[in-house]
Amino acid sequence: MMIALVDVNNFYASCEKMFNPALKNKPVVVLSNNDGCVIARSDEARTLGIKMGTPAFTISQLVDDHNVQVFSSNYTLYGSMSNRVITILKSFVESVETYSIDEAFLNLDGLKYKDLFLLGIEIREKIMSHTGLPVSIGIAPTKALAKMANRFAKKNRKEIGVHAATEQQNIDALLKVTDVNDIWGIGPQYQKLLHNNGFNTAADFVNAPEEWVRVNMTVVAQRLLHELKGIQAVKWEDVPPPRKNICTSRSFGTQLTSYTELKQPVAAHAATCARKLRQEGSCATKVYVFIETNPFRAEDKQYHTAVTIPLTVPTNSTMEIIKFALRGLAMIYKPGYKYQKAGVMVLDIVSQTAIQLSLFDTRDRGKDQRLMKAIDDTNKYFGDNAVRYAVQSSDQKWHLRRMHLSPRYTTNIDEVMKVKAN
DNA sequence: TCTGGGGTCCTAGGACCC
DNA sequence: TCTGGGGTCCTAGGACCC
């Protein structure tokens, strides 16, 4: 097999730059939810030494000194740009696996291109001219090697942006110049373990005894070893498998202490989970609720806890999931703590069509479903949360901070770019 | 005095990804 | 004052069953 990995460089930061020419050559950072920490930065911001994951408040001096442009994350915009990129990729290749919002694997088998490197160049140019976004492309026989080639293209072939390692000699060269911590699937813990045992480059790792890898790093890393040897061990999934869990959680804008206050975010997260379930035509068999204090505040008493509640019949009804989530909250809530975050997860998801009715089920599910559909349709028309459930108050206390939001250029007619023509 | 073995299910925690 | 959110997979250990 031959696989290409295409990803957008500094995706969120590049999106912001794309829509605002004044940002050209300026340092740009994009912040996480709640404007908490840096999750994307332009090359200029990287050069200033701003690291991924850095808390926003620690870079305020740098921001002032170098006029760094700061943005709250605008997922509506990034999502729509992502769709455009995927559409372009599908114009080249039939089998595209969308791996994340900013990257995709392409199956290059059976293409009539003689030179896959040139195909990469062509793809890159088309994405640039159609979306204005810069991408890097790595081409190799397995996903792990394509990842590695991609990283090489980004770091060492910046002007070209494409690297192909399709022959064994190119692969060997690539392995030699890649440190183990730059291998897809090797994180900080495994990096430490490998370094301590004398494995420093990917070439060292490839020659590690397989049994040692399996015992010390589980079968996951053993599969990785195969991938680097050119043997496919990570499945090709151009149709995404159904999700097993859905999680909705947020940190609060301010800390909450009372049970009454906590009910609001928990109910809202429960409602979001239910909506996501309905969107993909599935139901959950368990509801999991958690609340936690802020672990960074050493001076505060810490408490984090969770509970799983099994449901007698799998459901995607907002009212039911709110009911069980609140029941869970009542079980785990303890007064006297400053809570910083709450979340709801729906677990063991099954397809809506495959639900067995329980003998003990007394709920009128047909009625529930009709109500849910009416609410979903209304919200689709008027915008999310036009219709809410009683417990989801409009009190903003727990809501996000988003001080630096850019317009929804591509998805909201009131916010599209205006060009003055006179 | 001798105190099984095999299987499943569940949970918590750890590792990783973007 | 201010430290994201959403996932997956694997393993170990406990509970429980026969």
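A note on names: the letters A, B, ... follow the listed sequences, proteins ahead of strands, and every chain is numbered from 1. Everything numeric here is computed off the predicted structure, so don't read it as measured data.
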Taking atom [atom2] of [N] as reference, at what distance in whole Å does atom [atom1] of [X] sit?
X: A:K276; N: C:dG7; atom1: NZ; atom2: C1'; answer: 11 Å
X: A:L194; N: B:dA15; atom1: CG; atom2: P; answer: 13 Å
X: A:I309; N: B:dC10; atom1: CD1; atom2: P; answer: 16 Å
X: A:K147; N: B:dC16; atom1: NZ; atom2: P; answer: 15 Å
X: A:Q189; N: C:dC9; atom1: CD; atom2: P; answer: 21 Å
X: A:N34; N: C:dG4; atom1: CG; atom2: P; answer: 8 Å
X: A:N33; N: C:dG7; atom1: CG; atom2: P; answer: 13 Å
X: A:D35; N: C:dT1; atom1: CG; atom2: P; answer: 18 Å

Give me the ring orientation class for A:F290 and A:Y288: parallel if the planes are under 30° apart, tilted from 30 to 60°, perpendicular past 60°.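 A:F290 and A:Y288: tilted rings.
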
How is [X] classified with respect to the nucleic acid when contacts are heavy atoms under 4.0 Å: base, sugar-phosphate, or nothing?
X: A:I186; value: sugar-phosphate
X: A:P295; value: nothing
X: A:S60; value: nothing
X: A:I246; value: sugar-phosphate

Counting only side-chain heavy atoms from C-beta out, which of [options] sits nearest to [X]?
X: A:P188; options: B:dC16, C:dT11, B:dC17; value: B:dC16
X: A:K286; options: C:dG6, B:dC16, B:dT11; value: B:dT11
X: A:Y190; options: B:dC16, C:dT11, B:dC18; value: B:dC16
X: A:P55; options: C:dC9, C:dT3, C:dG6; value: C:dT3
X: A:R243; options: C:dC10, B:dC18, C:dT8; value: C:dT8

Start with the C-alpha distance between A:R243 and A:E280, add both sets of side-chain angles, then the distance that settles salt bridge (charged side-chain N to carboxylate O under 4.0 Å, His left out), and finish with yes or no. CA-CA 9 Å; A:R243 283 193 287 179; A:E280 54 174 52; 3.0 Å; yes

Exercise: identify the closest heavy-atom pair between A:Y333 and A:I291: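 Heavy-atom minimum between the residues: CA-CD1, 4.0 Å.
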
Answer yes or no: does a side-chain N or O of [X] lie under 4.0 Å from OP1 or OP2 of [N]?
X: A:Q340; N: C:dT3; answer: yes
X: A:K244; N: C:dC9; answer: yes
X: A:K235; N: C:dT8; answer: no
X: A:R223; N: C:dC9; answer: no
X: A:T58; N: C:dT3; answer: no
X: A:K341; N: C:dT3; answer: no
X: A:R297; N: C:dT1; answer: no
X: A:R250; N: C:dG4; answer: no
X: A:S249; N: C:dG6; answer: yes

Give a yes or no on whether the backbone of A:T201 and the side-chain of A:D204 come within a donor-acceptor separation of less than 3.5 Å.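 Checking the backbone N and O of A:T201 against the side chain of A:D204, a donor-acceptor pair under 3.5 Å is found.
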
Qualifying residue for salt bridge (charged side-chain N to carboxylate O under 4.0 Å, His left out) with A:D7, from A:K154, A:K147, A:R124, A:R151: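 When A:K154, A:K147, A:R124, A:R151 are each tested with A:D7, the salt bridge (charged side-chain N to carboxylate O under 4.0 Å, His left out) holds only for A:K154.
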
Would you measure the distance from the C1' atom in B:dC2 across to the matching atom in C:dC18 and give it in whole Å?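 The answer is 22 Å between these two C1' atoms.
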
Centroid-centroid distance, A:F199 to A:F205, less than 6.0 Å: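 Between A:F199 and A:F205, the centre distance exceeds or equals 6.0 Å.
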
List the steps and the verdict of side chain to side chain contact (heavy atoms under 4.5 Å, CB included) for A:V85 and A:T87. CA-CA 5 Å; A:V85 173; A:T87 303; over 6 Å; no

